[in-house]
Amino acid sequence: EEGNRRADERAAERIAENERMRRMNNSSIILQGLNPQLDAIKKAAESGPRQLIQHIFRVHPPKKEEECPKDFGDAVMKKTILKCIRTYHQDKNPVDAHGLEWHLLCREITKQLNQKLELYK
């Protein structure tokens with residue numbers, strides 16, 4: 001019985017690993033298709049955190065109804081960026097609920113937001 005349990009665990013691990021590999025292959029294909037959008041996000045990020053946030057809320061509005069932040073003063077910019085990170089974080093936008101493309105886009109948006117957050121630490 002112990003041997004059967006171990007065999008079942010190994011089989012489940014192999015299935016999970018195969019699923020991860022399949023998603024990784026799909027991810028690279030999808031990311032290639034997202035290149036124009038990712039380039040636009042990077043260009044907005046180069047202009048500054050305010051422009052980045054306005055761009056992502058305008059072009060890629062969150063799936064949950066949220067307004068684009070209005071206050072971009074230096075005193076509150078860190079909080080504004082953190083709120084946007086929470087909104088777009090890939091854990092808050094699961095593949096099952098929103099699809100792999102949106103999940104990957106949110107991951108890339110979060111990377112850009114995290115880079116801007118470093119400026120305020």
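The model shown is predicted, which means the values in this text are computed figures rather than measured ones.
- A continuous path of ILVMFWY side-chain contacts below 4.5 Å connects Leu113 to Tyr120, so both sit in one hydrophobic cluster.
- When hydrophobic clusters are built by joining Ile, Leu, Val, Met, Phe, Trp and Tyr residues whose side-chain heavy atoms come closer than 4.5 Å, directly or via intermediates, Leu119 is not grouped with Val76.
- Applying the side chain to side chain contact (heavy atoms under 4.5 Å, CB included) criterion to Pro94, with sequence neighbours excluded, gives Ala97, His98.
- Checked against salt bridge (charged side-chain N to carboxylate O under 4.0 Å, His left out), Arg6 has the following partners two or more places apart in sequence or in another chain: Glu2.
- Val59 and Ile41 are assigned to two separate hydrophobic clusters, defined by single-linkage of ILVMFWY side chains at heavy-atom distances under 4.5 Å.
- Using a 4.5 Å cut-off between side-chain heavy atoms of Ile, Leu, Val, Met, Phe, Trp and Tyr, with links allowed through other members, Leu31 and Leu100 fall into the same hydrophobic cluster.
- Considering only heavy atoms from C-beta on, Phe72 stays 4.5 Å or farther from Pro49 through its side chain.
- The CG atom of Leu34 sits 12.0 Å away from atom CD1 of Ile29, with the distance rounded to the nearest 0.5 Å.
- Note on residues 102-119: pairs passing salt bridge (charged side-chain N to carboxylate O under 4.0 Å, His left out), not counting sequence neighbours, are Glu108-Lys111, Glu118-Lys121.
- Crowding of Gln37 atom CD: a count of heavy atoms from other residues, nucleotides or ligands under 6.0 Å exceeding 12.
- Just one of Ile56, Leu52, Leu38 meets the side chain to side chain contact (heavy atoms under 4.5 Å, CB included) condition when paired with Ile109; it is Ile56.
- One finds the NE2 atom of His103 at 7.5 Å from the OG atom of Ser27 (value rounded to the nearest 0.5 Å).
- The side chain to side chain donor-acceptor pair (under 3.5 Å) test applied to Gln32 returns no partner, not counting sequence neighbours.
- Residue pairs meeting the salt bridge (charged side-chain N to carboxylate O under 4.0 Å, His left out) criterion with at least one partner in residues 40-63, sequence neighbours excluded, are absent.
- Here the CG-CD1 distance, from Asn114 to Ile85, works out to 4.0 Å after rounding to the nearest 0.5 Å.
- Nearest heavy atom pair, residue Pro62 against residue Phe57, reads CG-CE2, 3.6 Å.
- The list of side-chain hydrogen bond (donor to acceptor under 3.5 Å, both in side chains) pairs with a residue in residues 76-93, not counting sequence neighbours, reads Glu66-Thr87, Asn93-Trp102.
- Atom CD of Glu67 is surrounded by 12 or fewer heavy atoms from other residues, nucleotides or ligands within 6.0 Å.
- Every residue two or more places apart in sequence or in another chain that forms a side chain to side chain contact (heavy atoms under 4.5 Å, CB included) with Gln115 is listed here: Gln112.
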